[in-house]
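Following: one structure in structure tokens, then a few remarks.
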Amino acid sequence: MASEDEHAFDMLMTRAGVAVDPARREGLLAAYRDLLAATTLLYAPGLGEAEPAMVFRPDPLGGV
Amino acid sequence: MTATAAAKAALARINAADYLLDAFITVTPARAMAEARAVEAGFVSGPLAGVPYALKDIFDSEGVRTTCHSRLREDHVPATDCHVAERLRLAGALLVGKTGTHEFAIGGPSFDLPFPPPRNPWDREHVPGGSSSGSAAAVAAGMVRFAIGSDTGGSIRHPAAYCGVAGLKPSYGRVSRRGAFPLSFSMDHVGPLGWRMRDVAEALAVIAGHDPLDPGSADLPVGDYLRDLEAGVAGLRVGVPRGWFAGAKGADPEALAAIDRSIALLREAGATVNDVTLPDFARFAAAGRVILAAEAFAVHARELRARPGDYGAIAFQRLALGATVTGADYVQAQRLRRELTAAVDDALARFDVLLTANVLIPAPRFDARPDAMAAGAPVQMIQFNLTGHPALAVPICLHSAGMPLGVQLAGRAFDEATLLRVGRTLEGLSGWEAMPHPRPR
């Protein structure tokens, strides 16, 4: 039976429109789990909570 | 030596050794000789007049195929040169060939591609590191004095460390990326690898500078990278983020000993060296990997959908992975990036340079290599792609198994001159400057 993260992986690949050859699936799934574990560090309390990033700031026309 | 003699000598060295190393995908004798004749005729003069060099095969070269080491671009022949090749041509340098890489600078070393992977000149059974594998191998083997590479997560410094050459990832925006096939827009850097620190400094002096056609290019003055190269380190302050590497899983004791030896050498030469605390390396790596994966998928999404089977297995795995990154992950990684960059800036307000590990093991054999892109991999270079600070691989000594070991230096944004100065000092004090080129075995 497929695990929860396998379902998520398959859904994400389907949504992206990328067909994964069965011979390549196991390696990509392992890489996905590895990255997923690292991603939790992005949401650690106290990190990046208040700081906005990549804020869009248009320049005024004509350099006014 | 005349320019044509220099070109012929480099081509002869490539002919004599590359059948063992596969450093080159395409050798360019016609172009090298034409550029040499232009130098001798006086049409071109410059600081690198008559110096042969090699170009990683993700950089466009006019009339010469640029494959990205991939089946997808096997027959791609650009109409124009990339920006760095333009600058090098005007400086009198001679392009002798295009070097092997990991597929699209991310997937390798691989044996399922149209071209074989480059091999390490110190021992052909060992990987040369990547992705600028052929550039490092060509320099280490003495085929060329310097070569151009790209670095998105360590791709200049990793092969430089494994092959025992100097490799510089300049500050983000210091060198134009125009005409280089992108991997990750906000993490890609272009820089030189050289046999000696001076070779790196001379190449950087030519390729650094503003290019309005690269949106990431910085419009800032270019430093003088040669003036203080021999000035030593007396009075400089060196910070050591020991927490990044001291307890790292799988670190080779000799690799850690090379760091300690470098610290001792700098102290003896008059530098002040102190430990510095920075956020965990794992946080830098997590943010860097998420951003790289998402941006690389954005570059490759169309081809991954249309021609997945034309990618090698490793490139497909690493590029398709980006489809799993959510928008929230990417934004959160960018927010964390700002905090981590500020932390490094704070440290560099107190220190002139940071000294840390680059690779934590010597170059492994092809049949025993760890996944360099996985969490906990024995490589620690992506943090400076994330923050944009310049970083330099400095060879120090040989491991008891005969493969090179070294350290990584990082500095303030756009202060490559201080990095090269410290690197040159270590090159001399460690005795590496007397190291002969390896004979491929």
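None of these values were measured; they are calculated from a predicted model.
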B/Ala282 versus chain A, the contacting section by heavy-atom distance below 4.5 Å:
both
Is the backbone of B/Gln332 close enough, under 3.5 Å, to the side chain of A/Tyr43 for a donor and an acceptor to pair up by distance?
no
Note: vs chain B, highest number of non-hydrogen pairs under 4.5 angstrom among A/Val20, A/Leu29, A/Leu12 is A/Leu12
Indicate the atoms forming the closest heavy-atom contact of A/Met13 with B/Ala323, along with that distance.
CE-CB, 4.1 Å
Going from OG1 on B/Thr324 to CZ on A/Phe9, what distance comes out if it is rounded to the nearest 0.5 angstrom?
8.0 Å
Filtered by a 4.5 Å non-hydrogen cutoff, the part of residues 289-298 of chain B contacting chain A is B/Arg289, B/Val290, B/Ala293, B/Phe297
Who are the ring-ring contact (aromatic ring centres under 6.0 Å, His included) partners of B/His389, not counting sequence neighbours?
none
Among A/Gly17, A/Ala37, A/Ala30, A/Ala38, residue most engaged with chain B (heavy-atom pairs, under 4.5 Å):
A/Gly17
Looking only at heavy atoms, the pair that brings A/Arg24 and B/Ala313 closest together is NH2-N, 3.5 Å
Could you tell me which portion of B/Ala306 (side chain, backbone, both or neither) has an atom closer than 4.5 angstrom to a non-hydrogen atom of chain A?
neither
Heavy-atom contact with chain B under 4.5 Å, split by part of A/Asp21
neither
Give the minimum heavy-atom separation between A/Leu28 and B/Ala320, together with the two atoms involved.
CD2-CB, 3.9 Å
Side-chain touch A/Leu35/B/Val325, heavy atoms, less than 4.5 angstrom:
yes
Closer than 3.5 angstrom, by distance alone: can the side chain of B/Arg305 be matched with the main-chain N or O of A/Ala16 as a donor-acceptor pair?
yes
All heavy atoms of B/Ala286 vs all of A/Leu42, minimum pair found to be C-CD2, 4.1 Å
Rounded to the nearest 0.5 angstrom, the CZ-CD distance for A/Arg25 and B/Gln317 is 13.0 Å
